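All figures in this text were calculated on a predicted structure; none of them were measured in a lab. In what follows, residues are counted from 1 in the order of the sequence shown.
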Amino acid sequence: MSSKDIMEEYSNTFFACVDEWPEEIRQDIYKLYAYLRVVDEMVEGAEGKDFKEWRFVIEQFHEVSAKYEFKGEWLEDFHHAMFTDLVKKKHTMVSMLEYCKGSSESVGCMMARILGCPPEADYYARALGRAYQIINFVRDYDEDTEKGYEYIGKNHNIYIRLFMENLEEGMKGIDYIPEALRGPIFKANKAYMGVAEKNDS
């Protein structure tokens, strides 16, 4: 299974939006998201997986990390968030947002670097990543709770409002992304807005 295949399985909404990016950027994003999936599988104790394939994915991610000079704190925050899932719990709003710091804000910063954004864009990349994570929690609520992960409460309205607020804040930094690379972000926003509208009561 290629990095592209792994990303498609792990991030179906965002995966559908990346086609407009140049080939090199797409490949690096596939490698990033494949790594996210592998770490998630490790935490969930996946069985019957090809561990040689996992090692290859990890090696590819480290190449991407070195290429774009990802900060050590982003990796540390991401791994910390993932390994908190070793203990299934019912999150509060505070703990959910702390989880987002590693699970999505750090990934937003990594994506910003891949898209050629300067460090000044990191604040907005974090907000956008957080927005996407929150709406993913809404979208995947039934699947997550079935596995024992309660990232958000049953009343989704407050989380949808939080998604909208963070999306608006994140998009204030859109000018940091080169104009030719902004299309997939707008496309992803539209897709996630559809999820919000579908789940808003």
Side-chain angles (χ1 to χ4, degrees), residues 7 10-18 20-21 29 32-33 36 40 70-71 73-82 84-85 89-145 149-179 181-201:
M7 181 184 174
Y10 182 64
S11 184
N12 48 11
T13 300
F14 194 66
F15 176 82
C17 303
V18 305
E20 295 178 27
W21 278 323
I29 291 172
L32 167 60
Y33 275 82
L36 306 183
D40 189 57
F70 291 165
K71 291 184 178 181
E73 66 188 72
W74 300 343
L75 303 178
E76 183 179 345
D77 287 344
F78 169 71
H79 292 132
H80 175 74
M82 291 301 97
T84 60
D85 280 339
K89 68 176 184 178
K90 185 175 182 178
H91 280 269
T92 64
M93 179 66 76
V94 172
S95 67
M96 181 275 288
L97 291 173
E98 180 63 23
Y99 180 87
C100 286
K101 181 180 178 182
S103 69
S104 56
E105 292 182 29
S106 59
V107 177
C109 290
M110 296 178 202
M111 280 291 303
R113 288 298 184 278
I114 292 175
L115 294 177
C117 301
E120 291 78 10
D122 290 354
Y123 167 81
Y124 304 101
R126 285 182 177 277
L128 195 60
R130 188 164 56 245
Y132 289 174
Q133 177 71 92
I134 292 168
I135 201 62
N136 280 339
F137 286 151
V138 173
R139 182 196 64 195
D140 300 336
Y141 178 77
D142 291 338
E143 180 182 343
D144 287 338
T145 53
Y149 298 107
E150 296 186 58
Y151 297 107
I152 61 174
K154 292 181 181 179
N155 183 348
H156 294 166
N157 291 344
I158 186 173
Y159 300 101
I160 290 173
R161 288 198 300 271
L162 193 59
F163 155 72
M164 296 290 291
E165 291 170 2
N166 279 279
L167 181 65
E168 181 179 1
E169 189 67 14
M171 289 304 290
K172 290 177 182 177
I174 190 65
D175 287 347
Y176 284 113
I177 300 175
E179 188 172 359
L181 303 180
R182 296 173 193 171
I185 300 298
F186 292 118
K187 189 175 180 180
N189 291 351
K190 183 177 180 180
Y192 284 123
M193 286 292 293
V195 174
E197 292 169 3
K198 181 179 179 181
N199 288 273
D200 197 9
S201 58

**Item:** Test side chain to side chain contact (heavy atoms under 4.5 Å, CB included) applied to Glu98 - qualifying residues, sequence neighbours left out
**Value:** Lys101

**Request:** Calculate, to the nearest 0.5 Å, the distance between atoms CD and OH belonging to Glu105 and Tyr123 respectively.
**Result:** 10.0 Å

**Asked** Is any side-chain heavy atom of Met111 closer than 4.5 Å to a side-chain heavy atom of Leu128?
**Response** no

**Message:** According to side chain to side chain contact (heavy atoms under 4.5 Å, CB included), who are the partners of Lys90, at least two apart in sequence or on a separate chain?
**Reply:** Glu150

**Asked** In terms of heavy-atom contacts, does CD of Glu168 have more than 12 from other residues, nucleotides or ligands at under 6.0 Å?
**Response** no

**Fill in**
Taken to the nearest 0.5 Å, the spacing of Phe70 CZ from Ile114 CD1 works out to 4.0 Å

**Prompt:** Checking Arg182 side chain against Ile177 main chain: does a donor-acceptor pair fall under 3.5 Å?
**Reply:** yes

**Request:** Answer whether the closest heavy-atom distance between the side chains of Leu36 and Met82 falls below 4.5 Å.
**Result:** no

**Request:** Could you check Met193 against Phe163 for side chain to side chain contact (heavy atoms under 4.5 Å, CB included), going step by step and ending with a plain yes or no?
**Result:** CA-CA 9 Å; Met193 286 292 293; Phe163 155 72; 3.9 Å; yes

**Prompt:** Which residues pass the ring pair (Phe, Tyr, Trp, His ring centres under 6.0 Å) test with Tyr151, sequence neighbours left out?
**Reply:** His91, Tyr99, Phe137, Tyr149

**Message:** So which atom in Leu32 and which in Val107 form the shortest heavy-atom distance, rounded to 0.1 Å?
**Reply:** CD2-CG1, 4.4 Å

**Request:** Taking atom CE of Met171 as the centre, report whether more than 12 heavy atoms of other residues, nucleotides or ligands fall under 6.0 Å from it.
**Result:** yes

**Prompt:** Is there side-chain contact between Asp77 and His80, with heavy atoms separated by less than 4.5 Å?
**Reply:** no

**Item:** Partners passing side chain to side chain contact (heavy atoms under 4.5 Å, CB included) against Leu75 (at least two apart in sequence or in another chain)
**Value:** Phe61, Ser65, His79, Met110

**Asked** Does the Asn136 side chain pair with the main chain of Tyr132, one donor and one acceptor, at a distance under 3.5 Å?
**Response** yes

**Fill in**
Here the pair of heavy atoms bringing Ser104 nearest to Gly129 is CB-O, 3.2 Å

**Fill in**
Heavy-atom nearest pair, Cys100 first then Gln133, reads SG-CG, 3.6 Å

**Message:** Counting only heavy atoms not in Glu179 (residues, nucleotides, ligands), do more than 12 fall under 6.0 Å from its CD?
**Reply:** no

**Asked** To the nearest 0.5 Å, what is the distance between CG (Leu167) and NZ (Lys172)?
**Response** 11.5 Å

**Asked** How close do Ile134 and Met96 get, heavy atom to heavy atom, and via which atoms?
**Response** CG1-SD, 4.2 Å

**Complete:** The reported gap from CD1 in Ile160 to NZ in Lys198 (rounded to nearest 0.5 angstrom) is 12.0 Å

**Request:** Provide the closest heavy-atom pair for Arg126 versus Ser106 in the form atom of the first, atom of the second, distance.
**Result:** NH1-N, 4.3 Å

**Item:** Inter-residue atom distance Trp21.CH2 - Ile185.CD1, 0.5 Å rounding
**Value:** 4.0 Å

**Prompt:** Minimum heavy-atom separation for Gly108 to Ala125, with atom names?
**Reply:** O-CB, 3.4 Å

**Fill in**
Between the CG atom in Asp144 and the CD1 atom in Ile152, the distance rounded to the nearest 0.5 Å is 8.0 Å

**Request:** For Tyr141, enumerate each residue passing the ring pair (Phe, Tyr, Trp, His ring centres under 6.0 Å) test, keeping only those at least two apart in sequence or located in another chain.
**Result:** His156

**Listed partners of Glu20 passing side chain to side chain contact (heavy atoms under 4.5 Å, CB included), at least two apart** = Pro184, Lys187

**Message:** With a 3.5 Å distance limit and no angle check, can you tell me whether Tyr176 reaches the backbone of Asp122 through a side-chain donor-acceptor pair?
**Reply:** no

